[in-house]
Amino acid sequence: MARRVVVALLAPVTWSPPGIDPVAWRTALAEDVVDLLATLHEVETAVAVTPDDRWLAEAVLWPGTPVYEVPTATPNAVLAALDGYDQAAVVAPDAPDVPGLTLGKLLRPLTSRPVAVAPVEGDEGGLLGIAVRLPAPDWIPALDLDTALPATVRAAAPQPGDLAVTPGWHRMRGPADLARLDPAVVGWEATRALLSGGHRAG
């Protein structure tokens, strides 16, 4: 069986709800994403941070979870830092309610394709995550999960079929995204608690 890892890239988030402390918000999102990864089957999990954000990794880590310090908060830097795995996925830090099934679908095409991406739902662009066979193909362009598009990755591929686009999911990047959080879905406890009234900004 291929050795696979899913890495939460704890990059800075671009938005926080009015009245909620931005650091508390970022921490809650990261905690929920890391907690979700810990429930996945048949994959290992890790987090990646820049040196300045090591504090965030320490705040949300499960015991024994590897931490990769990377020079820039990009998927490319994370993929370059990984060693000993056959497949890897790098996911955004602001999708607290993403289903494990969605992340599983991100990895699944790697049996026949070298790269897969999951877009952000909606029209604003960006990626939920990227999955690759390791070592990562050198044709993958420099990516920012906040702005990259599947079309950009596909345009760089030697053949269009080298990229699989898997089902997307929303990220918490604006007021409209809050309405997409489903209270009936199990999970995202830290984000849920914060939105219900904790850690308001002073």
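This structure is a prediction, so every number in the text was calculated from the model and none was measured. We count residues from 1, following the sequence as given.
- Using a 4.5 Å heavy-atom cutoff, the side chains of Ile130 and Val115 are in contact.
- Both Leu194 and Trp15 are members of a single hydrophobic cluster when ILVMFWY side chains are connected at heavy-atom separations under 4.5 Å.
- Side-chain contact check for Pro12 versus Asp53: some heavy-atom pair is nearer than 4.5 Å.
- Using a distance-only test at 3.5 Å, with no hydrogens or angles considered, no donor-acceptor pair links the side chain of Arg4 to the main chain of Val43.
- Arg171 places a side-chain heavy atom less than 4.5 Å from the side chain of Asp146.
- The CD atom of Glu31 sits 11.0 Å away from the CG atom of Leu61 when rounded to the nearest 0.5 Å.
- Note that CG of Leu40 is 8.5 Å distant from CG of Leu107, once rounded to the nearest 0.5 Å.
- Between Val91 and Leu145 the shortest heavy-atom distance is C-CD1, 4.1 Å.
- When all heavy atoms of Thr65 and Ala46 are compared, the closest pair comes out as CG2-CA, 3.8 Å.
- Follow the hydrophobic side-chain contacts under 4.5 Å out from Val70 and you reach Leu79 in the same cluster.
- Tyr68 places none of its side-chain heavy atoms less than 4.5 Å from the side chain of Val5.
- Considering every non-hydrogen atom in both Pro137 and Val132, the closest pair reads CD-CB, 4.4 Å.
- Counting heavy atoms from C-beta outward, Arg54 and Val67 have side chains that approach closer than 4.5 Å.
- Residues Val78 and Ala48 come closest through the heavy atom pair CG2-CB, 3.6 Å.
- Between atom OG1 of residue Thr14 and atom CG of residue Asp94 there is a gap of 6.5 Å, rounded to the nearest 0.5 Å.
- Gln87 contributes atom CD, which lies 10.5 Å from atom CG of Leu106 (distance to the nearest 0.5 angstrom).
- A donor-acceptor pair under 3.5 Å links the side-chain atoms of Arg113 to the main chain of Leu163, judged by distance alone.
- In this structure, Met172 and Leu178 have side chains that are in contact, with non-hydrogen atoms separated by less than 4.5 Å.
- Checked by atom type and distance alone, the side chain of Asn76 pairs as donor or acceptor with a backbone atom of Pro141 at under 3.5 Å.
- Remark: Asp32 does not engage Arg192 in a salt bridge, criterion side-chain N to carboxylate O under 4.0 Å.
- Here the shortest heavy-atom pairing between Ala57 and Val47 reads CB-CG2, 4.0 Å.
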In sequence, state the C-alpha distance, the side-chain angles, and the governing distance for Thr45 and Val34, and then conclude on side-chain contact (heavy atoms from CB on, under 4.5 Å). CA-CA 8 Å; Thr45 61; Val34 170; over 6 Å; no

Working for side-chain contact (heavy atoms from CB on, under 4.5 Å), residues Leu10 and Val33: CA-CA 9 Å; Leu10 303 185; Val33 171; 5.7 Å; no

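- Under the 4.5 Å side-chain criterion, counting only non-hydrogen atoms from C-beta, Thr27 is in contact with Leu56.
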side-chain contact (heavy atoms from CB on, under 4.5 Å), that's the test. Do Leu103 and Leu37 meet it? Break it down for me. CA-CA 9 Å; Leu103 298 182; Leu37 297 191; 3.6 Å; yes

Going through the checks in order, is the side-chain hydrogen bond (donor to acceptor under 3.5 Å, both in side chains) test met by Trp62 and Asp35? CA-CA 8 Å; Trp62 285 56; Asp35 285 355; 2.7 Å; yes

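- Note on Val90 and Tyr85: same hydrophobic cluster, where clusters join Ile, Leu, Val, Met, Phe, Trp and Tyr whose side-chain heavy atoms are under 4.5 Å apart, directly or indirectly.
- Around the CG atom of Asp83, the shell of radius 6.0 Å holds no more than 12 heavy atoms that belong to other residues, nucleotides or ligands.
- Note: Asp144 CG to Thr74 OG1 = 8.5 Å, rounded to the nearest 0.5 Å.
- Contact check for Val98 versus Trp188: no side-chain heavy atoms found under the 4.5 Å cut-off.
- One hydrophobic cluster holds both Trp55 and Val60 under the rule that ILVMFWY side chains link at heavy-atom gaps under 4.5 Å.
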Stepwise side-chain contact (heavy atoms from CB on, under 4.5 Å) check, Arg180 with Asp97: CA-CA 9 Å; Arg180 296 186 172 108; Asp97 63 335; 5.9 Å; no

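- In the hydrophobic clustering of this structure, Val49 does not group with Trp25; members are Ile, Leu, Val, Met, Phe, Trp, Tyr whose side-chain heavy atoms approach within less than 4.5 Å, directly or through other members.
- With values rounded to the nearest 0.5 angstrom, Glu189 atom CD is found 10.5 Å from Leu36 atom CG.
- The minimum heavy-atom distance between Trp139 and Ala156, with the atom names listed, is O-CB, 3.4 Å.
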